[in-house]
Number of protein chains: 2
Amino acid sequence: MTPMKEDYIKIIFELGGTERKISNKEIALGLDVAAGSVTEMITKLVEEKLVIHEPYAGITLTQLGHQLAIELVRKHRLWETFLVDDLKYEVADVHSEAEVLEHQTSDKLADALYDFLGKPKFCPHGGVIPDENGDYPESSNIVLADIEDGQEITITRIIDNHDLLTYLHNLGVSANTKVIVLRHEPFEGPVIVKRLADETEISISFKAAHNIFVQ
Amino acid sequence: MTPMKEDYIKIIFELGGTERKISNKEIALGLDVAAGSVTEMITKLVEEKLVIHEPYAGITLTQLGHQLAIELVRKHRLWETFLVDDLKYEVADVHSEAEVLEHQTSDKLADALYDFLGKPKFCPHGGVIPDENGDYPESSNIVLADIEDGQEITITRIIDNHDLLTYLHNLGVSANTKVIVLRHEPFEGPVIVKRLADETEISISFKAAHNIFVQ
DNA sequence: AATTATTTTTAGGTAGTCCTAACTTAAATA
DNA sequence: TATTTAAGTTAGGACTACCTAAAAATAATT
């Protein structure tokens, strides 16, 4: 196993490769590599029984691939938690560090980190951290953009992207923030919400609202 | 810069490449690669102005290479300290984890770790940790094997090797242990010391005694 | 000094991951 | 249905770091 193979497995997982077929193009876009490179790597991952490939139709994870993806997500989120909780990183800055550390993290190290952090359930942007056995509760897949006006909701998770997290940080929005959805501006305009803590109205862009999960 | 290049720089440093010419063979042995691979890599490191190579004579670090080596040692030892102090690793088990983490550690991460750990001066086996600027006090180069009988000394540092550290751990010997040297058995026999804490006599092998630094 | 042994370098190959460009398949449109 | 467009696959090449084996340089021994 190499870091690059792990990256392929992880992106397939993140794109939903446990339930649907992921296209070559989605992977190429996600990893910023050429389509030909994807086909080549997928061939190797098929040999290793990590993915199933139906030529021209798409790629899904095997049970084994899914398990590996969970382990990687766990390691990634444990590092993010450590960086924020103990090393005082900004939430927006942890992703890239965790991205490289996750590939160099033995299972022993992950477990030790998990204990040290107090068996945390969520990473700093709200993602669920699988436990020692890879079990984790399903989290909400409902996105802020799809909430009807007037609903009171809690932000549970934000897609792990530096620019998005910085944008939301500046707006004072993060995981666990409670808001009421006031209205959706037309033509892919922003979603206007009111933060319950201080009654402030906040305008969240259409695109951002699709990358914020709520409950 | 790649992890392998960093490993070459580090081994040259550890073999004393700031003061003397290191041979191709020493590096090949230290990294467990073929001599031809060393020549090839050294050529690249010369292009990057990290080392100076006199063909057939040896290799030394440039100022730049020395600086890089210090940074790597610092990162390595910071991770070791974290693993022992916070993640409850055994001293003997930290080397291999630190060996891979050091290559994935940004300067920002190293500084954050350094602060988190309370700006430690020594790693768990007694190595000096350079500060934020790469400065560090010279540590003793006197080895236990060279101490005369009757001398009272403190163990300051043990070469970072898993088997050696395990061996010494089982003998109850670690950095900061104070002992009196009783005698040196002939024919490369063990050095017999008495631990001051509990007056126990301990026999330390000839080879181990050459890998223990004292003051 | 000549020979032998050791070390270093050079040369030619392999494996992993990337690329571009050409070709094939599938989907969309006319 | 025929054509065009998009997506996926194949082919050939590049780069890194490794290897082994042969050649060259240096050191050691006779």
Problem - Neighbours of DNA chain D within residues 9-17 of chain B, by heavy-atom distance under 4.0 Å - result: none
Handout entry: A:Tyr114 OH to A:Ile129 CD1 distance, which is reported to the nearest 0.5 Å
Key = 7.5 Å
Practice task
Please state whether the phosphate of D:dA7, meaning OP1 or OP2, lies under 4.0 angstrom from any side-chain nitrogen or oxygen of A:Ser23.
Solution key: no
Fill in the blank from the handout: CE of A:Met41 to CG of A:Asn24, rounded to nearest 0.5 Å, is 12.5 Å
Completion exercise
The side-chain contact (heavy atoms from CB on, under 4.5 Å) partners of A:Asp93 (sequence neighbours excluded) come to A:Tyr89, A:Glu90, A:His162, B:Lys108
Problem - B:Pro124 and B:Thr81, any side-chain heavy atoms less than 4.5 Å apart - result: yes
Exercise for the section: Answer yes or no: is there an ion pair linking A:Lys75 with A:Glu6, defined by an N-O contact shorter than 4.0 Å? Expected result: no
Completion exercise
Rounding to 0.5 Å, atoms CD1 (A:Ile202) and OG1 (A:Thr177) come to a distance of 7.5 Å
Fill in the blank from the handout: Nt span of DNA chain C in reach of chain A heavy atoms at under 4.0 Å, 5' end first, is C:dG16 to C:dA26
Exercise for the section: Would you please name every residue forming a side-chain hydrogen bond (donor to acceptor under 3.5 Å, both in side chains) with B:Asp111, sequence neighbours left out? Expected result: B:Arg74
Practice task
Quick one: pull up OH in A:Tyr8 and CG in A:Leu50 and give me the separation to the nearest 0.5 Å.
Solution key: 14.0 Å
Practice task
Kindly write out the residues that satisfy side-chain hydrogen bond (donor to acceptor under 3.5 Å, both in side chains) with A:Asp115, not counting sequence neighbours, or none if the list is empty.
Solution key: A:Lys119
Exercise for the section: Indicate whether the side chain of B:His184 and that of B:Asp149 have a donor and an acceptor atom separated by less than 3.5 Å. Expected result: yes
Problem - Residues within residues 28-46 of chain B bordering DNA chain C, heavy-atom distance below 4.0 Å - result: B:Ala35, B:Gly36, B:Thr39
Exercise for the section: Quantify the bending of the helix from C:dA1-D:dT30 to C:dA30-D:dT1 as the angle between its end axes, each fitted on five pairs, to 10°. Expected result: 10°
Problem - Near-strand residues of residues 97-106 of chain A, defined as heavy-atom separation under 4.0 angstrom from DNA chain C - result: none
Completion exercise
B/S/- along nucleotides 22-28 of chain D (protein heavy atoms under 4.0 Å) is ---SS--
Exercise for the section: Only pairs at least two apart or in different chains count here, so list each side-chain hydrogen bond (donor to acceptor under 3.5 Å, both in side chains) that has a residue in residues 49-68 of chain A. Expected result: A:Lys21-A:Glu54
Please tabulate, one pair per line, each protein N/O and nucleotide N/O from nucleotides 3-6 of chain D that are separated by under 3.5 Å, including the distance.
none

Exercise for the section: Output all residues satisfying side-chain contact (heavy atoms from CB on, under 4.5 Å) with B:Lys207, sequence neighbours left out; order by chain, then residue number. Expected result: B:Ser205, B:Asn211
Problem - Nearest-Å distance for atom pair NZ/P, residues B:Lys5 and D:dC15 - result: 13 Å
